[in-house]
2 protein chains.
Amino acid sequence: MPPMSADSAKRAMERPLQEPDAQAEAFAVVRQAHQMESTEDYVELIDDLITSQGEARLVEVAERLGISQPSAGKTIARLQREGYVTSEPYRSIFLTEKGKSLADKSRERHDVVYKFLLKIGVSDATAKIDSEGVEHHVSEETLDAFRRIIDAG
Amino acid sequence: MPPMSADSAKRAMERPLQEPDAQAEAFAVVRQAHQMESTEDYVELIDDLITSQGEARLVEVAERLGISQPSAGKTIARLQREGYVTSEPYRSIFLTEKGKSLADKSRERHDVVYKFLLKIGVSDATAKIDSEGVEHHVSEETLDAFRRIIDAG
DNA sequence: TCGTAAATTTAGCCATGGCTTAGTTTATAC
DNA sequence: GTATAAACTAAGCCATGGCTAAATTTACGA
């Protein structure tokens, strides 16, 4: 093992490693959040499309996600397998109860993050982009902290 | 197309859809961030291990990520292919210049998010977990907003 | 009604990143 | 110095989620 530099020693003091299992747990949470990410993005988007346009077509879902139609279709098939949506061949996409309630929860979370970012002075364009990425990784506790700040005047 | 309910009409007013290409862009940013996520997690962890323990062994990387050794090894191989790390068979793992500078940037970002969460009243345990997920999805603009709040008394 | 364009599906490609099982190398302890 | 344990690699499995190209179905306008 090479000797430790002064700098390294300093950083090791200031920023000690976590316990291995606590750190592993944090990464596990991220990986799990990650698995739900695309599911949440899809149901949220589908719900928005149904609300604004009366129906959710694959072509529109793909366009708004910025991916090809077959890619979107493949994921929609998974969502159907997992009970979030229903749709018959060549028809538009509907949310199940399960899908709708996940969509509602996701949108709520998304909105809190978005409004919070605006509140602390982030521009609208950046708030839109960052909230899309951040929404899947904030716990209820953090959301509550965000809500307190939103509501504070 | 089915008729729109009163509720839906209301929500459509309050939360209009974004432009398709702006929305697609936001998702593209998330997907790209996503591709960098594991790279950043690895180099940051490897750097921390080198600093605290003098070297980074695969067994430790795997343990702290909470995944199997072969899984960690496969990703390390990718990182080597992409020029972030070097390592010879059965030896410990080193960061290249490129890897080291990414690690530094990631740690900085991670620390800002972590400290910010503490500052707004999130518990230490939650701040550790959430910062792990959030760090990859905050823009420089948002980080600056976080820094302002951290520095504000 | 019928031809064409748009939407959707199918098939098959690729990379990532999990996993297990089994083999190899290294390090250690006796 | 050698046996054993620990660390690592190899091989091969799986699901996800991108892609393209080609086939099919639907919808629409002339």
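Chain letters run A, B, ... following the sequence lines, proteins first and then strands; every chain starts at 1. Please read all numbers here as calculations on a predicted model, not as lab measurements.
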**Q** Of the nucleotides D/dG17, C/dT20, C/dG17, which one has an atom closest to the side chain of B/S38?
**A** C/dG17
**Q** May I ask you to evaluate whether A/R57 reaches the phosphate of C/dT8, defined as a side-chain N or O under 4.0 Å from OP1 or OP2?
**A** yes
**Q** Which of the following nucleotides, D/dG18, C/dA7, D/dC8, is nearest to the side chain of B/R31?
**A**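 The listed nucleotide nearest to B/R31's side chain is D/dG18.
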**Q** To the nearest Å, how far apart are B/R91 CZ and D/dT9 C1'?
**A** 14 Å
**Q** Just how far, in rounded Å, is P of C/dT20 from CD1 of B/I67?
**A**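 After rounding, the gap between these two atoms is 11 Å.
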**Q** Is the shortest side-chain N to carboxylate O distance from B/E55 to B/R91 below 4.0 Å?
**A** no
**Q** Ignoring the backbone of B/Y90, work out which of C/dG17, D/dT9, D/dG18 is nearest its side chain.
**A**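 Given the options C/dG17, D/dT9, D/dG18, the side chain of B/Y90 is closest to D/dT9.
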**Q** What is the separation between atom CD on B/E60 and atom P on D/dA6, rounded to the nearest whole Å?
**A**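 From B/E60 CD to D/dA6 P: 15 Å.
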**Q** If you compare every side-chain N and O of A/R81 against the phosphate oxygens of D/dT16 (OP1, OP2), does one of them come in below 4.0 Å?
**A** yes
**Q** Does the distance from a Lys or Arg side-chain N to an Asp or Glu carboxylate O, for A/K100 and A/D104, drop under 4.0 Å?
**A** yes
**Q** Would one find a side-chain N or O of B/R78 under 4.0 angstrom from OP1 or OP2 of C/dA15?
**A** no
**Q** How long is the line joining NE2 of A/H34 and C1' of D/dT16, in whole Å?
**A** 9 Å
**Q** Start at the 5' end of DNA chain D and walk down; is the nucleotide closest to A/A72 or to A/P89 reached first?
**A** A/A72
**Q** Between B/K128 and B/D124, does any NZ, NE, NH1 or NH2 come within less than 4.0 Å of an OD or OE carboxylate oxygen?
**A** yes
**Q** When you measure from the side chain of B/S68, which nucleotide among C/dC19, C/dT25, C/dG17 comes out closest?
**A**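 Of C/dC19, C/dT25, C/dG17, C/dC19 is nearest to the side chain of B/S68.
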**Q** What's the closest nucleotide to the side chain of B/K74 if the choices are C/dC19, D/dG18, C/dA7?
**A** C/dC19
**Q** Under a 4.0 Å threshold between the charged nitrogen and the carboxylate oxygen, would B/E135 count as salt-bridged to B/K105?
**A**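 Looking at B/E135 together with B/K105, the answer is no, because their closest N to O distance does not fall below 4.0 Å.
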**Q** Measure the distance from CD on B/E37 to C1' on C/dG18 and round it to the nearest whole Å.
**A** 15 Å
**Q** Taking for each residue the nucleotide of DNA chain D bearing the nearest heavy atom, is the 5' side occupied by B/P70 or by A/S71?
**A**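 Looking at the nearest nucleotide for each, B/P70 comes out on the 5' side.
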**Q** Once you round it to whole Å, what is the distance between P of D/dT9 and CD of B/E88?
**A** 11 Å
**Q** How many whole angstroms separate atom CG of A/L58 from atom C1' of C/dA6?
**A**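 Rounded to the whole Å, the gap is 12 Å.
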**Q** Taking atom P of C/dG17 as reference, at what distance in whole Å does atom CD of B/E40 sit?
**A**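 So the two atoms are 12 Å apart, to the nearest Å.
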**Q** Does B/L49 offer a backbone N or O that forms a donor-acceptor pair with the side chain of B/E60 under 3.5 Å?
**A** no
